[in-house]
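Everything below concerns the one structure shown next.
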Amino acid sequence: MIALSFRNVWVEYRDKVVLERVSLDIEDGAFVSIVGPSGAGKSTFLRLALGQEAPSRGHILLDAEPLDPEPGPDRGVVFQRYSVFPHMNALDNVLFGLECAGSPGFGRLLGRPRRAARDRAVALLERVGLGHSLKAYPRTLSGGMQQRLAIAQALITRPRILLLDEPFGALDPGVRLDMHVLIDELWREHGLTILMVTHDIKEAFKLGTRVIAFDKRRHDEQAPHRYGSTAVYDFPLDEKKRQGVPAALEHMLDENRAIG
Amino acid sequence: MFKWPRTESSRTCDLNLELAAPTMRRLLNARPRGGGQVLLGLLPILGLILLYLLVASARHAENPRDKIIPIPSAMAAAVQIMAFEADPRTGEVPMVADTKASLRRLGIAIGLSAITTLVLGLMIGLLPYVRAGLGPLVATISVIPPIAILPILFIIFGLGETSKVVLIFLGITPVMVRDLASHVASIPEEQIVKAQTLGASTWLTLVRVALPQAMPRLIDSLRLALCPAWVYLISAEAIAADVGLGYRIFLVRRYLAMDTILPYVVWISILAVVMDFALLSFSRAAYPWAHTERTAR
């Protein structure tokens, strides 16, 4: 079953082409990693899926319906930074999604619905390893803990698709490995469909069931902005191949190393 | 120039370095500690008081009827009359009546200003259409010197309470609205998008995401606005009033009554400090997340 479908999508700003002829079908339950050099439109692609931006040509379908042109509860997101609300403690951050759904007027739940919501939020927080910091404000949590919180917050509303925008990019290598384990487990447990943008190609191949690389297919020296990026490589991976990086992407890996 | 003793062991070298360290420390690295800090802060204040007392007593010795730099006993006598004895004509204690009238004007103006700032600042900061519509107007109003439009206020609202309240309100609100709007607009886009992916409407984003984050900033900005608010209050009272702290000091100025003016200035300062401290304490208690320092990364 196809969860998310891009049909000949273009993104243009005036005469600058960012993305061109993007046609992709994302399978239900896939863990799609999106890689590519800086400026190759990875983030624009994610903004399209999020509804933060609309394609200038083409269509995006979610479960065969046209995608809402603004962010909504069917798509959860975790950004690299600023994903959680600094003025809410961990529990309230996770409760927020349930409170929005249950109380459109005030955004607050009371009594029995609140207790039920709280139990769900606490269970999820315990699952991501934050059971002991329910009352902690994000500022007092480490970077890895903040991302754990952001993931729990996004998952509480059971989104159709989870979008990750370089979610582990700002973390220490050791913490990043822990997060890989966590997101992989959550993906299996909840049967999630995940779209993850990353700079780290090894991470992309380690976690993804499919790796899509964005880059410019054509290049005009005189007018570099006139050709946009598109999906130049599309690797479906089975379990056995998930650790290796194919030779075709080695040069990108080198490029990444050069950037740092 | 310091020379390393060549013949001695490295152990002695270390020792020399330790001995030399305190004298080699730069001034910008030297910090007062504990009680020293309090003492250092008190010194200039005590020095100024001492200087005042010296000058006052010298002038008093020369001319016992000197009014320009009154000695403490003269000020105490004035305070006794102004703050503890009822005026036989009005039946009220002048300083209490002045304080009540001034705080009432200030309180109404600041309250209205805070509510207006919150509503306008949130809407301009969060909603692009409101920003496009009202942003330029607020920016224009905020550059008008409020005192310049005081005559207009007197003409429109008369010489009563309204014109004073409106002056303070107009004096502090536009700047506060601009500050709060830019603060709300600088809430990271990620948070706003995240709220929407969690199902928040415009309204819920406003009341659950923007409003709580705007409150500590509003309080900060109120604390800063207290100073101009007092300036406008005293200006308005100086020009047209029959009661109020500003009215009183400008009234007794005619008799060079420094023995009354100085205690009034001290009293106004105390009121301002208490208001500032009350706002800060409220912010700390109600919005602890805005005051906790980052402990880990």
Side-chain angles (χ1 to χ4, degrees), chain A residues 46-47 50-52 68 70-89 92-108 135-146 150 153-157 159 161-163 165 170-172 175, chain B residues 118-119 121-123 125-131 180 182-221 280 282-297:
Chain A
L46 204 75
R47 287 164 66 89
L50 200 49
Q52 251 185 305
D68 260 352
E70 60 177 4
D74 46 1
R75 285 148 290 156
V77 67
V78 174
F79 294 106
Q80 185 175 1
R81 294 174 65 200
Y82 306 122
S83 259
V84 291
F85 302 115
H87 60 287
M88 298 182 191
N89 62 33
D92 287 340
N93 259 297
V94 177
L95 271 178
F96 185 64
L98 298 176
E99 289 182 315
C100 285
S103 168
F106 300 97
R108 302 271 185 193
K135 295 287 171 194
Y137 286 103
R139 206 175 258 228
T140 62
L141 297 173
S142 67
M145 291 296 185
Q146 288 189 20
Q153 185 187 36
L155 287 184
I156 194 84
T157 50
I161 292 186
L162 182 61
L163 304 164
D165 191 358
L171 303 180
D172 296 336
V175 178
Chain B
L118 206 53
V119 173
L122 279 174
M123 305 250 289
L126 197 64
L127 306 174
Y129 262 94
V130 182
R131 191 180 315 159
L180 197 70
S182 78
H183 180 71
V184 172
S186 71
I187 291 176
E189 173 92 28
E190 286 90 339
Q191 272 187 44
I192 307 293
V193 172
K194 181 89 181 201
Q196 296 176 62
T197 65
L198 295 174
S201 56
T202 301
W203 167 247
L204 283 184
T205 309
L206 193 88
V207 295
R208 293 283 329 261
V209 178
L211 174 67
Q213 296 194 62
M215 282 306 292
R217 180 62 168 234
L218 175 73
I219 293 170
D220 262 0
S221 138
L280 179 62
F282 174 70
S283 182
R284 285 221 170 108
Y287 309 101
W289 56 268
H291 298 274
T292 47
E293 291 304 310
R294 189 183 290 267
T295 53
R297 253 194 64 83

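Order of the sequence lines sets the chain letters (A, B, ...), proteins ahead of strands, with each chain counted from 1. Side-chain atoms are counted along with the backbone in the values below, which use heavy atoms only and exclude waters and symmetry mates.
- A/Met145 does not touch chain B: none of its heavy atoms, backbone or side chain, sits under 4.5 Å away.
- For chain B, the option among A/Gly105, A/Ser103, A/Pro159, A/Pro138 with the highest count of heavy-atom pairs below 4.5 Å is A/Gly105.
- Interatomic distance, B/Thr205 OG1 to B/Leu122 CG, rounded to the nearest 0.5 Å: 11.5 Å.
- Heavy-atom distances place no part of A/Gln80 under 4.5 Å from chain B, backbone and side chain included.
- The contact between A/Phe79 and chain B is made entirely by side chain atoms (from C-beta outward), counting heavy-atom distances below 4.5 Å.
- Judged purely by atom type and a 3.5 angstrom limit, B/Lys194 has no side-chain atom pairing as donor or acceptor with the backbone of A/Val78.
- Side-chain contact between A/Met88 and B/Pro212 is absent, with no heavy-atom pair separated by less than 4.5 Å.
- Between A/Asp92 and A/Phe85 there is no side-chain heavy-atom pair separated by less than 4.5 Å.
- Rounded to the nearest 0.5 angstrom, A/Asn89 CG and A/Arg139 CZ are separated by 15.0 Å.
- A/Leu50 touches chain B through its side chain: at least one heavy atom from C-beta onward sits under 4.5 Å away, while N, CA, C and O do not.
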